[in-house]
2 protein chains.
Amino acid sequence: MVSTEGEEIIVLGSSDIDIHMISDLFHRNSKIYTAIIIGECEIHYQGRASSKAPLGTRIVIYKSDGSLLVHEGKDRDPLNWQPPGSLCISDADKGFLEIRCRSRKYGHEIVSIRFKRILTAIWCRLSTKGLEVHGTEKDLVEMIYMNPSVISPSAKVIGREVETPSGKIDLILRDDPGNIYVVEVKNEKAGISAVNQLDRYVKYLESMQSRSPDVTRRIIGVLVSNGITRRAREALIERGYIYIDSMSLKIGNTSQTLMKYVK
Amino acid sequence: MVSTEGEEIIVLGSSDIDIHMISDLFHRNSKIYTAIIIGECEIHYQGRASSKAPLGTRIVIYKSDGSLLVHEGKDRDPLNWQPPGSLCISDADKGFLEIRCRSRKYGHEIVSIRFKRILTAIWCRLSTKGLEVHGTEKDLVEMIYMNPSVISPSAKVIGREVETPSGKIDLILRDDPGNIYVVEVKNEKAGISAVNQLDRYVKYLESMQSRSPDVTRRIIGVLVSNGITRRAREALIERGYIYIDSMSLKIGNTSQTLMKYVK
DNA sequence: CGTGCCAGGTGCCCT
DNA sequence: AGGGCACTTGGCACG
C-alpha cells in the first residue's frame, strides 16, 4: 500500500489489492474523496435506456459529488455513467468487487459494475472550482446588445431574451425607418434548425402585429452565426432573411452594416 | 516505482515522481497506453471559446485515441478536454511538467496544462469495445415501423426518414380512410421545439399536396414522446395534433389506437 | 422544480 | 469531409 502526505492521496497497487479493503474505503471516503478504480469489469446499465458492456479493462471514477464515470481507451464521453447526486454501493461478495450506482434524479436508473480483476485503486481529493468560458454565445449577444449598430446603423435594442410561444428571441432591434430586426445568434455553424427557429420568431411577431394593424412595420429576420450550411443558407434566402457571419463582428468591424440588404 | 505483470499497468507513486521520466513515458506510451496523471495544475484553453482554470487538483487522462480529459471532483463532463485524434506534447522544462494538446479537428484549438505538483501517474491499456444501447429513439421508430397499427388500426407505413427542407420525417403512415399521419418520435420529454418540428413537417406536406390538388388527404400530426411539457401540449392541441406517450406503446399495449382522436 | 436552451457539446450515420 | 440529428445528452438560468 502506497500512501502519501496525510492521506492527500491513497494509491493501492496490484500487490495491495484486497477487495474488502477497497469496498471499505469506497464507502468511507466517498463524501470527500474521488475514487478511481482501474480493472477488468462487466457493466450493466438499466434506466432511460439500457446497455451491457462485456468484460474489458476500464477506468471507473466515482466523484465526491456522486457522479460516476466509466471510461474506456477511447472517446471524450464515458462508456457508462451516472449523473451527480447518485449513490454507489460497493459489495465484495463472492470474491468479486461489485459496484451498484443508483441515480437520484432518475429514480429507476442503475449502473452495475462487476470487477473480475482490479489493477489499481486510488482515492484523492480533487478541486471543484470549475471555470469561466469566454467567447460563448452569451458574449456574442452581449456584444451586439452593447453595439446594435453592427446590425443597422440606426438600430436600437428594444428587446432581449423575449419570450414567445416558440422560444426566446435573442434580440429585437428597431432602426430609424422603423424596421424591426429579429436577431437569432448562434455561436456555431448554423443549420436548418436555426433558420426554422428564426422563422418561427418572425412569424410570431408578424402574427402579433396583425392583431394591432394600426402600426405595420417591416420585420426582418437576422441570423448571426459562425458559418452556415448550404441548405440553411438557401432556406434563409428563400424566406428573405439576412445572414451575418459572427467573425465579421468579432474582429471589430463595427462599421459594417446591413443597409445593403435593406431596400 | 510500482509496476505489474509485464507493464500491463505502470503506477508511479509520489515518491517516484520524476517529471522527466513522466514526460518520457508520456511520449513513448501514448499510442497504446492511456495516461492518467493526478496533480495540481493550471489549465489554459484557447479555441472555439477560451477558458482559464486556476491552480487545482485534477485528473488528466490522455487516451490512446488521442482524446484528452481533465476532470475535477464534480460533474459528469470534463472541465477541459480535447477531442479524439488530438496530439499531446509534454515538456519538463523549468522543473514543471507541462502538457500541450492540439486538436486536429479544430486546427487552432489548444489546451495547456501546467503541473505544479504531481501526486501520481499511471499508464495502462484500456479496452475500446464500446457498447450497444437499447431503448433509444431508433428502437422506438423501429417498433412503430414494424407495428404501425399502434397509431391507427389500418395504418400502413408509406415513408420513413423522409427528407424535407426542414428536416427528416421519422415516419409517414396512411390508413384506410386515407388519412396521412406524420409521426415525430422523441425518446425524451417533448418540448416546444418538437412541436415546431412536427408543425413544419405537416405544413410542408400540406404545401406539397396543394401543388397536386387532385388528391387531398387529411394530414394529421402525431407526436410520440416520453412525456410532454405543458406549453408543448398546449401548442400541440392548438394546432390540432395528437400526442401519444411512448410508455403506452412500450408496455406492449399494441391494441390501443388513435381512432378516438380522429373524427 | 419544471421549462427552455446553449454547449468548446459529442458521437453516429448518411451523402 | 460536410451535413443533419439523437443523446441515459449535461449543465445553466429563469419563472
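Please read all numbers here as calculations on a predicted model, not as lab measurements. By convention in this document, chain letters (A, B, ...) are assigned in the order of the sequence lines, proteins followed by strands, and residues within each chain are numbered from 1.
Comparing Ile228(B) and Asp170(A) by the nucleotide of DNA chain C that holds the closest heavy atom to each, the one mapping nearer the 5' end is Ile228(B). For the pair Glu137(B) and Arg231(A), nearest-nucleotide mapping onto DNA chain D gives the more 5' position to Arg231(A).
Spacing between atom CD1 of Ile169(B) and atom P of dA6(D) amounts to 13 Å, rounded to whole angstrom units. The interatomic distance linking Arg230(A) (CZ) with dG2(D) (C1') rounds to 11 Å, in whole Å.
Sorted by first and then second residue, the salt bridge (Lys or Arg N to Asp or Glu O under 4.0 Å) pairs involving residues 133-147 of chain B (not counting sequence neighbours) are Glu142(B)-Arg160(B). Residue pairs meeting the salt bridge (Lys or Arg N to Asp or Glu O under 4.0 Å) criterion with at least one partner in residues 54-73 of chain A, sequence neighbours excluded, are Arg58(A)-Glu72(A).
Protein chain A touches strand DNA chain C; the 5'-most and 3'-most nucleotides with an atom under 4.0 angstrom of its non-hydrogen atoms are dC5(C) to dG11(C).
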Checklist entry - Using a cut-off of 4.0 Å between protein heavy atoms and nucleotide atoms, how would you tag nucleotides 8-15 of chain D 5' to 3' with B, S and -? => result BBSS----
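For the pair Leu131(B) and Lys52(A), the minimum side-chain heavy-atom distance is 4.5 Å or more.
Applying the side chain to side chain donor-acceptor pair (under 3.5 Å) test to Ser112(A) and every residue at least two apart in sequence or in another chain returns nothing. Not counting sequence neighbours, the partners of Asp199(B) by the side-chain contact (heavy atoms from CB on, under 4.5 Å) test are Arg200(A), Lys203(B), Arg239(B), Tyr241(B).
One P atom belongs to dG8(C), the other to dG4(C), and the distance between them is 22 Å to the nearest Å. For dA7(C) and dC5(D), the C1' atoms lie 15 Å apart once the distance is rounded to whole Å.
The 12-atom threshold is not exceeded at CD of Glu132(A), counting heavy atoms of other residues, nucleotides or ligands nearer than 6.0 Å.
Remark: side-chain polar atoms of Tyr62(B) are not paired, donor with acceptor, to backbone N or O of Tyr33(B) under 3.5 angstrom.
A distance of 6.5 Å separates OG of Ser225(B) from CG of Asp245(B), quoted to the nearest 0.5 Å.
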